[in-house]
There are 2 protein chains.
Amino acid sequence: MQNLSKNQQIIFDLIDKSPEPMKAYSILHNVQKKGIKAPLQVYRALDKLVEIGKIHKIESRNAFIACHNSSCQVSKATAFSICEICEKVTEISSASLSKYLTNFKDKDGMKYSKYNLEFFGLCKKCR
Amino acid sequence: MQNLSKNQQIIFDLIDKSPEPMKAYSILHNVQKKGIKAPLQVYRALDKLVEIGKIHKIESRNAFIACHNSSCQVSKATAFSICEICEKVTEISSASLSKYLTNFKDKDGMKYSKYNLEFFGLCKKCR
DNA sequence: ATTAAATTGTTATAATATAACACTATGTAA
DNA sequence: TTACATAGTGTTATATTATAACAATTTAAT
């Protein structure tokens with residue numbers, strides 16, 4: 001695990017301290033004072049951070065959150081809960097869930113080591 | 001289950017006979033000869049079709065496929081396999097999987113009746 | 001027939017994401 | 001320490017995906 005580049009570090013720090021998933025253009029607005037001026041600079045850093053598992057993309061929301069499971073590790077098996085009212089997103093780290101999904105076989109007997117699962121419902125506060 | 005409106009039917013028929021997920025603007029191009037001229041007409045039909053469970057959105061691909069599980073039923077618990085080479089998408093209908101996920105409880109004991117799961121790997125042909 | 005709800009048509013625009021090109025920094029191996 | 005490959009940066013332009021706002025029309029249920 002090598003160090004992050006300058007832009008990657010700036011953008012990771014921002015996402016990591018955000019209490020909620022951040023969208024790319026919101027990230028852009030927040031880092032313009034640090035010299036990151038163009039969308040592509042943001043997207044390139046995001047791509048890399050996703051690739052190395054430091055952040056995850058919440059696909060249904062087009063937003064990014066820092067990994068809170070095994071940070072600094074490549075992680076391609078992700079699960080989240082998403083509150084449909086307040087949009088709070090929590091990464092789920094459940095050994096039994098990941099075991100179940102990693103071992104799941106489809107009709108053809110095919111297994112999948114990569115997956116993304118998004119649960120939707122109401123969080124504690126919003127219930 | 002009422003009938004679909006004109007635009008909804010045109011767009012559902014197109015998606016339903018497509019062997020692969022279709023993107024909104026690809027749908028638009030394909031239905032312009034039928035008088036659907038604007039993106040919003042497509043998106044409105046897609047929204048409705050998703051809402052009533054006739055189609056599903058593949059979130060990681062921004063594309064739509066017809067439901068092949070319990071067509072014509074509202075369905076908010078979806079699972080797909082996606083081939084990372086040829087992009088073939090298959091809806092997974094596994095009673096044990098849906099049972100497991102519907103009964104899954106997070107750390108707070110919370111259950112979720114709605115979820116979307118996308119598995120990634122290589123399909124039979126591409127392996 | 002009346003009326004509320006859903007659907008349509010239309011223009012404009014917002015939000016999300018990538019292409020292409022030139023240049024710079026970094027790590028590695030001779 | 002030079003050379004070389006790889007990764008990262010900066011920049012402009014543009015492609016792709018999606019929604020806002022408003023007026024008119026159709027549909028279905030009284």
Side-chain angles (χ1 to χ4, degrees), chain A residues 1-15 18 20-65 72 74 82 84 87 89 116 118, chain B residues 1-15 18 20-65 72 74 82 84 87 89 116 118:
Chain A
M1 177 60 207
Q2 76 246 344
N3 290 324
L4 299 178
S5 74
K6 182 173 127 275
N7 288 1
Q8 288 159 16
Q9 190 68 59
I10 291 169
I11 287 172
F12 174 73
D13 288 344
L14 179 66
I15 296 171
S18 168
E20 63 212 11
M22 294 194 74
K23 294 182 154 247
Y25 278 72
S26 159
I27 292 167
L28 177 59
H29 292 140
N30 275 277
V31 296
Q32 280 179 327
K33 51 189 172 256
K34 301 225 161 130
I36 297 176
K37 291 173 196 153
L40 199 42
Q41 295 175 289
V42 173
Y43 280 105
R44 282 196 287 223
L46 289 174
D47 285 350
K48 190 67 181 185
L49 290 167
V50 167
E51 184 191 327
I52 63 180
K54 298 281 290 184
I55 65 173
H56 304 302
K57 182 173 187 181
I58 309 301
E59 293 286 357
S60 65
R61 300 298 188 261
N62 297 317
F64 300 85
I65 66 169
C72 299
V74 175
I82 302 172
E84 290 180 300
E87 292 292 323
V89 173
N116 181 55
E118 299 181 4
Chain B
M1 177 58 209
Q2 77 246 345
N3 289 324
L4 299 178
S5 75
K6 180 173 128 275
N7 288 1
Q8 289 160 15
Q9 189 68 57
I10 290 169
I11 287 172
F12 174 74
D13 287 345
L14 179 66
I15 296 171
S18 170
E20 63 213 9
M22 292 195 76
K23 296 181 153 249
Y25 278 73
S26 160
I27 292 168
L28 177 59
H29 293 141
N30 276 275
V31 296
Q32 280 181 325
K33 49 190 172 258
K34 299 226 162 128
I36 296 175
K37 291 173 196 154
L40 200 42
Q41 295 176 289
V42 172
Y43 279 104
R44 283 196 287 224
L46 290 173
D47 284 350
K48 190 67 182 185
L49 290 167
V50 167
E51 184 193 327
I52 63 179
K54 297 280 289 183
I55 65 172
H56 304 302
K57 182 173 186 181
I58 308 302
E59 293 286 356
S60 66
R61 299 299 188 261
N62 298 317
F64 300 85
I65 65 170
C72 300
V74 175
I82 302 172
E84 290 180 299
E87 293 292 323
V89 172
N116 181 54
E118 298 181 3

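Quantities reported herein were computed from a predicted structural model and do not represent experimental measurements. Lettering follows sequence order; numbering is per chain, from 1.
- If you take CG of Asn7(B) and P of dA6(C), they are 17 Å apart, rounded to a whole angstrom.
- Residues in residues 29-54 of chain B take part in no ring-ring contact (aromatic ring centres under 6.0 Å, His included) pair, two or more places apart or across chains.
- Contact detail for Ile55(B) and Phe12(B): the closest heavy-atom pair is CG2-CD1, 3.8 Å.
- Qualifying side chain to side chain donor-acceptor pair (under 3.5 Å) partners for Ser26(A), counting only residues two or more places apart in sequence or in other chains: none.
- Going from atom NZ of Lys48(A) over to atom P of dT9(D) covers 10 Å, rounded to whole Å.
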With B for base contact, S for sugar-phosphate-only contact and - for none (protein heavy atoms under 4.0 Å), nucleotides 11-30 of chain D reads BB----BBBBB---------
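- Between Ile27(A) atom CD1 and dA17(C) atom C1' the separation is 13 Å, expressed in whole Å.
- Atom CD in Gln9(A) sits roughly 16 Å away from atom C1' in dA7(D) (whole-Å rounding).
- Residues satisfying the side chain to side chain donor-acceptor pair (under 3.5 Å) test with Asn116(B), not counting sequence neighbours, are Thr78(B), Glu118(B).
- For the pair Ser5(A) and dA7(D), the criterion of a side-chain N or O lying under 4.0 Å from OP1 or OP2 is not met.
- For the helix from dA1(C)-dT30(D) to dA30(C)-dT1(D), the angle separating the two terminal helix axes comes to 50°, with each axis derived from five pairs and the value rounded to 10°.
- Contacts of Glu20(A) classified as side chain to side chain donor-acceptor pair (under 3.5 Å), with partners at least two apart in sequence or in another chain: none.
- Here the shortest heavy-atom pairing between Gln41(B) and Lys37(B) reads OE1-N, 2.8 Å.
- With contacts defined as side-chain heavy-atom distances shorter than 4.5 Å, the pair Ile65(B)/Lys57(B) does not qualify.
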Extract from the structure each pairing of a protein N or O with an N or O of nucleotides 25-27 of chain C at less than 3.5 Å, listing the distance.
none

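- When the side-chain nitrogen and oxygen atoms of Lys6(B) are compared with OP1 and OP2 of dT8(C), none of them lie within a distance under 4.0 Å.
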Show your reasoning for whether side chain to side chain contact (heavy atoms under 4.5 Å, CB included) applies to Leu14(B) and Met22(B).
CA-CA 9 Å; Leu14(B) 179 66; Met22(B) 292 195 76; 3.7 Å; yes
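- Distance CD1 (Ile10(A)) to C1' (dG8(D)): 13 Å, rounded to an integer number of Å.
- Rounded to a whole Å, the CD atom of Gln8(A) is 9 Å from the C1' atom of dA7(D).
- For the pair Ile11(B) and Val42(B), the tightest heavy-atom approach, listed with the atom from each and the gap, is CD1-CA, 3.8 Å.
- In terms of the salt bridge (Lys or Arg N to Asp or Glu O under 4.0 Å) criterion, residue partners of Arg61(A) (sequence neighbours excluded) are, by chain and number, Glu87(A).
- Checked against side chain to side chain donor-acceptor pair (under 3.5 Å), Asn30(A) has no partners two or more places apart in sequence or in another chain.
- The nearest whole Å value for the distance from the CG atom in Leu46(A) to the C1' atom in dT18(C) is 13 Å.
- The interatomic distance linking Lys34(B) (NZ) with dG9(C) (P) rounds to 14 Å, in whole Å.
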